[in-house]
Amino acid sequence: MQVKIRRIFSKLNNHYGLQKWWPARSSFEVMVGAILTQNTAWTNVEKAIQALRKHSVLSPYKICLLPHNDLAALVRPSGYFNQKAKRLKILSDWFISRGGLRGLKKIETLQLRSELLLLHGIGPETADDMLLYALERPVFVIDAYTRRLFSRCGLIVGDEGYDFLRLSVEQSLKSNIHDMKEFHALIVTHAKEHCQKKPVCKACALIGVCNFYKQKKKEAQIEF
DNA sequence: ACCCAGGGTCATA
DNA sequence: TATGACCATGGG
């Protein structure tokens, strides 16, 4: 398991190269993006971020002060705009109450993670996005792509818990923050470019990562 | 016209 | 605990 995970990381890394995630201008923007991208295409998130920037409200203080309807209108392109407007306000309120970025840096990783998970609208993946990419903590992000890839590679059955997968990757990469940032980014890049809506994933075969193929909407798995 | 996207919450059984 | 409904826009 550990060896296979490292092998997948290595192959993706050799093929796609450095990813340099997360695309954002500040830690707070990473957190905003993490909420906005929930079950949403990143291209839509970019439009929402641009709108927030254009109106100069991409800060926790501005978001707290902005009326709900105005905020919802700005994040409209990212979908679920009513939910996400509320979640952004909850995040901003917490961000300020914990002393901003300076305050957050003083908090232990596990404490930070449990606090994030208590916020309404922030689940495991969103919290871990924030911890890894905004707060530089050694926490890996498990998303639907990771599960799918690992499943196709025969590493997992599919019903493993979130934390089991997260800890498995964290151990495999020896809690190296840079590698964890890259690995998650590589998995997303790979999935977006080659594993969607194609009968045969040429990249998987080329890279030798998962060699999956589809048959009439049903996936078939080949041994890794 | 349908399917999916870098999830999470809530109600029900 | 395990499914299903719901949230909503934009691109393929």
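The structure displayed is predicted, hence computed values, not measured ones. Naming: A, B, ... by sequence-line order, numbering from 1 per chain. Note that these values count all heavy atoms, side chains included, but never hydrogens, waters or copies made by symmetry.
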A:Glu125: what forms a salt bridge (Lys or Arg N to Asp or Glu O under 4.0 Å) with it, not counting sequence neighbours? none

Give a yes or no on whether the backbone of A:Ala134 and the side-chain of A:Glu136 come within a donor-acceptor separation of less than 3.5 Å. no

When rounded to the nearest Å, what value does the distance between P atoms of B:dG8 and C:dG10 take? 22 Å

Would you jot down, in residue-number order, the residues of residues 42-50 of chain A having a non-hydrogen atom under 4.0 Å from DNA chain C? A:Asn44, A:Lys47

P spacing across the pair B:dC3 / C:dG4, given as an integer number of angstrom: 16 Å

Can you tell me which stems DNA chain B forms, taking runs of 3 or more consecutive Watson-Crick or G-U pairs with both distances under 3.5 Å? B:2-5 with C:9-12, B:7-13 with C:1-7

Within residues 169-184 of chain A, find the residues that approach DNA chain C with a heavy atom at under 4.0 Å, and present them sorted by residue number. none

Under the rule for side-chain contact (heavy atoms from CB on, under 4.5 Å), what residues qualify as partners of A:His55, not counting sequence neighbours? A:Val57, A:Leu74

Write out a two-atom table: protein N or O, nucleotide N or O from nucleotides 7-13 of chain B, distance below 3.5 Å.
from: B:dG7; atom 1: OP2; to: A:Asn39; atom 2: N; distance (Å): 3.1
from: B:dG7; atom 1: O5'; to: A:Asn39; atom 2: N; distance (Å): 3.2
from: B:dG7; atom 1: O4'; to: A:Asn39; atom 2: N; distance (Å): 3.4
from: B:dG7; atom 1: O3'; to: A:Thr126; atom 2: OG1; distance (Å): 3.4
from: B:dG7; atom 1: O6; to: A:Asn39; atom 2: ND2; distance (Å): 3.3
from: B:dG8; atom 1: OP1; to: A:Gly123; atom 2: N; distance (Å): 3.0
from: B:dG8; atom 1: OP1; to: A:Gly123; atom 2: O; distance (Å): 3.0
from: B:dG8; atom 1: OP1; to: A:Pro124; atom 2: N; distance (Å): 3.4
from: B:dG8; atom 1: OP1; to: A:Glu125; atom 2: N; distance (Å): 3.3
from: B:dG8; atom 1: OP1; to: A:Thr126; atom 2: N; distance (Å): 3.0
from: B:dG8; atom 1: OP1; to: A:Thr126; atom 2: OG1; distance (Å): 2.9
from: B:dT9; atom 1: OP1; to: A:Gly121; atom 2: N; distance (Å): 3.2

Quick one: list whatever passes side chain to side chain donor-acceptor pair (under 3.5 Å) with A:Glu170, sequence neighbours left out. A:Arg166

Tell me if a side-chain donor or acceptor on A:Lys84 pairs with a main-chain N or O of A:Ser78 at a distance below 3.5 Å. yes

Identify, residue by residue, the members of residues 18-34 of chain A with a heavy atom below 4.0 Å from DNA chain C, and return them in order of residue number, or none. none

Using the side chain to side chain donor-acceptor pair (under 3.5 Å) criterion, which residues pair with A:Ser172? Sequence neighbours excluded. A:Gln2

Under the rule for ring-ring contact (aromatic ring centres under 6.0 Å, His included), what residues qualify as partners of A:Trp21, not counting sequence neighbours? A:His184

Side chains of residues 59-68 of chain A: which donor-acceptor pairs under 3.5 Å do they make with residues two or more places apart or in other chains?
from: A:Ser59; atom 1: OG; to: A:Lys62; atom 2: N; distance (Å): 3.2
from: A:Lys62; atom 1: NZ; to: A:Ser56; atom 2: O; distance (Å): 3.2
from: A:His68; atom 1: NE2; to: A:Asn82; atom 2: OD1; distance (Å): 3.0

Heavy atoms from other residues, nucleotides or ligands near CG of A:Leu117 exceed 12 (cutoff 6.0 Å): yes

In whole angstrom, give the distance that lies between atom CZ of A:Phe81 and atom C1' of C:dC7. 10 Å

Using the C1' atom as the reference point in each nucleotide, state the distance between C:dC7 and B:dC4 in Å, no decimals. 15 Å

In whole angstrom, give the distance that lies between atom CZ of A:Arg147 and atom P of B:dG6. 17 Å

Main chain of A:Leu135, side chain of A:Arg137: is a donor-acceptor contact present, judged purely on distance under 3.5 Å? yes

Just by distance, do the side chain of A:Glu182 and the backbone of A:Leu18 share a donor-acceptor pair under 3.5 Å? no

Is the side chain of A:Asp93 donor-acceptor paired with the backbone N or O of A:Lys89 at a distance under 3.5 Å, no angle test? no

What's the spacing between A:Lys11 NZ and A:Arg7 CZ if we round to 0.5 Å? 6.5 Å

Sidechain-backbone polar pair: A:Arg147 side chain, A:Glu160 backbone, donor-acceptor under 3.5 Å: yes

Does any pair with a residue in residues 27-37 of chain A pass side chain to side chain donor-acceptor pair (under 3.5 Å), and if so which ones, sequence neighbours excluded? A:Glu29-A:Arg53

